[in-house]
Amino acid sequence: MAMVYGTTSYSATIISSSPAATQSSSPPAPAAAASSSSARVRVRVRVCLLPGRRGKPLPLRCASSGSGMEPIAGTALYPLHRCKTIYLVRHAQGIHNVAGEKDFNAYMSQDLFDAQLTPLGWSQVDGLREHVKKSGLAKKIELVITSPLLRTMQTAVGVFGGENYTDGVSAPPLMVENAGHSGRPAVSSLNCPPFLAVETCREHLGVHPCDKRRSITEYRPLFPAIDFSLIENDEDVLWEPDVREANESVTLRGMKFFDWLWTREEKEIAIVSHSGFLYHTLSTYSKECHPTIRDEVGKHFANCELRSMVLVDRSMLGSDSSSFNYPGKIPAGLDLPSDVADKKHVEEAQKN
């Protein structure tokens with residue numbers, strides 16, 4: 001059970017009822033689009049609104065009421081080793097975004113199969129890359145997860161990859177020159193985090209050719225340093241020409257994907273995905289939040305937008321211990337706290 005905290009002026013605690021993730025190296029596979037209409041999602045949300053902001057503070061439901069003190073509604077405390085920071089990115093502008101905005105029927109065109117980025121999209125990538133470097137985020141990210149479609153992988157390597165690739169370097173490039181008719185130089189895999197392709201964070205499956213991927217055999221020569229080992233099938237067996245995946249199914253696999261992240265050791269993870277996947281997943285988490293939080297967490301992503309969130313493990317999905325905690329009593333000695341001594345003294349007095 002994962003909770004998502006938005007990095008906003010307000011604090012929102014979201015509890016999902018998605019199935020617990022198993023300790024597996026592979027993410028849960030997306031369900032086939034044909035069976036997606038039967039998916040159901042149930043979510044309980046607890047919201048804490050910071051005092052001194054717009055609106056009235058809401059009491060913390062988990063707070064103790066025996067002390068006679070009112071809880072501070074915007075304050076939350078959680079062990080650091082049970083939290084991850086995730087950086088959610090929607091891909092930059094693709095050729096399907098341009099064609100679809102002019103004419104919705106264009107989404108059915110085979111010419112948009114596995115749509116690549118536009119020249120404007122690459123400019124958006126360059127802008128986000130500059131922000132990621134200047135903000136210091138580039139040095140913090142330990143893993144980049146990308147949907148295995150051309151536009152998301154182009155965005156991921158363009159934003160988070162190394163510098164231009166130089167021939168003679170032993171490490172393979174993240175992206176070869178002109179991959180996907182991009183007209184871009186090769187991107188190095190040096191001095192950047194590892195990249196992992198994950199099928200679970202794909203866009204709606206089915207019907208639209210732009211959301212159908214190429215075979216992994218075709219992708220590997222274009223993106224040599226991206227790890228495709230978690231993708232089970234070479235061909236795209238999930239995409240169906242006549243069945244569009246239901247929104248509820250997208251939401252459910254999004255919640256499973258967040259739970260699966262707890263099987264990863266990395267604490268700072270960038271995820272490059274799609275508008276529909278991000279919107280339906282985050283909208284469900286923020287459904288009962290204060291409107292300010294709901295808008296910030298659940299609104300549609302712009303092309304190449306980045307949002308940072310804190311993912312909290314409430315159900316022991318992860319098993320990592322803290323690398324900063326220290327057990328104390330080294331060397332061992334008497335250390336009875338005074339409040340515990342007071343309690344024991346009262347209990348002994350009551351017995352007598």
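In this text, all values refer to a predicted model and were calculated from it rather than measured experimentally.
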Kindly indicate whether a cation-pi arrangement holds for R307 with Y87, taking the cut-offs as under 6.0 Å to the six-membered ring centre and within 45° of the axis.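 No, cation not above the ring by the 6.0 Å, 45° rule.
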Do V250 and F301 land in one hydrophobic cluster if side-chain heavy atoms of ILVMFWY residues count as linked below 4.5 Å? yes
Can you tell whether the side chains of K344 and E348 come within less than 4.0 Å, N to carboxylate O? no
Is any NZ, NE, NH1 or NH2 atom of the basic residue among E218 and R213 found under 4.0 Å from an Asp or Glu carboxylate oxygen of the other? no
Checking the side chain of [X] only, and the main-chain atoms of [Y] only, is there a donor and an acceptor separated by less than 3.5 Å?
X: R151; Y: G121; answer: no
X: T251; Y: H280; answer: yes
X: S215; Y: E235; answer: no
X: D103; Y: G100; answer: no
X: N303; Y: R90; answer: no
X: R202; Y: D211; answer: yes
X: N233; Y: D236; answer: no
X: T281; Y: M255; answer: no
X: K343; Y: S338; answer: no
X: E266; Y: E142; answer: no

So do [Y] and [X] actually touch side chain to side chain, heavy atoms under 4.5 Å?
X: W122; Y: Q154; result: yes
X: S273; Y: L278; result: yes
X: L311; Y: L261; result: yes
X: F223; Y: L174; result: no
X: K212; Y: L149; result: no
X: C210; Y: Y107; result: yes

Do [X] and [Y] meet the criterion of a side-chain donor-acceptor pair at a distance under 3.5 Å?
X: Y219; Y: D114; answer: yes
X: H204; Y: N247; answer: yes
X: S188; Y: E163; answer: no

Between [atom1] on residue [X] and [atom2] on residue [Y], distance to nearest 0.5 Å:
X: L143; Y: K267; atom1: CG; atom2: NZ; result: 13.0 Å
X: I271; Y: M309; atom1: CD1; atom2: CE; result: 10.5 Å
X: L306; Y: H131; atom1: CG; atom2: NE2; result: 6.0 Å
X: E268; Y: I86; atom1: CD; atom2: CD1; result: 11.0 Å

Under the side chain to side chain donor-acceptor pair (under 3.5 Å) definition, can you give me all pairs with a residue in residues 175-187, not counting sequence neighbours? D126-R184
Pair H96 and H91, ring centroids less than 6.0 Å apart: yes
Where do [X] and [Y] come nearest, in terms of heavy atoms and distance?
X: Y78; Y: D313; answer: OH-O, 3.0 Å
X: F277; Y: T200; answer: CE1-O, 3.3 Å
X: A106; Y: L112; answer: O-CD1, 3.1 Å
X: D242; Y: V207; answer: C-CG2, 3.9 Å
X: A156; Y: V144; answer: CB-CG1, 4.2 Å

Look at the rings of H208 and F104 and say which category their plane angle falls in: under 30° parallel, 30 to 60° tilted, over 60° perpendicular.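 Taking F104 first and then H208, their aromatic rings stand perpendicular (interplane angle over 60°).
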Residue of the set E245, E199, E203 for which salt bridge (Lys or Arg N to Asp or Glu O under 4.0 Å) holds with R253: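 Between R253 and the candidates, salt bridge (Lys or Arg N to Asp or Glu O under 4.0 Å) is satisfied uniquely by E245.
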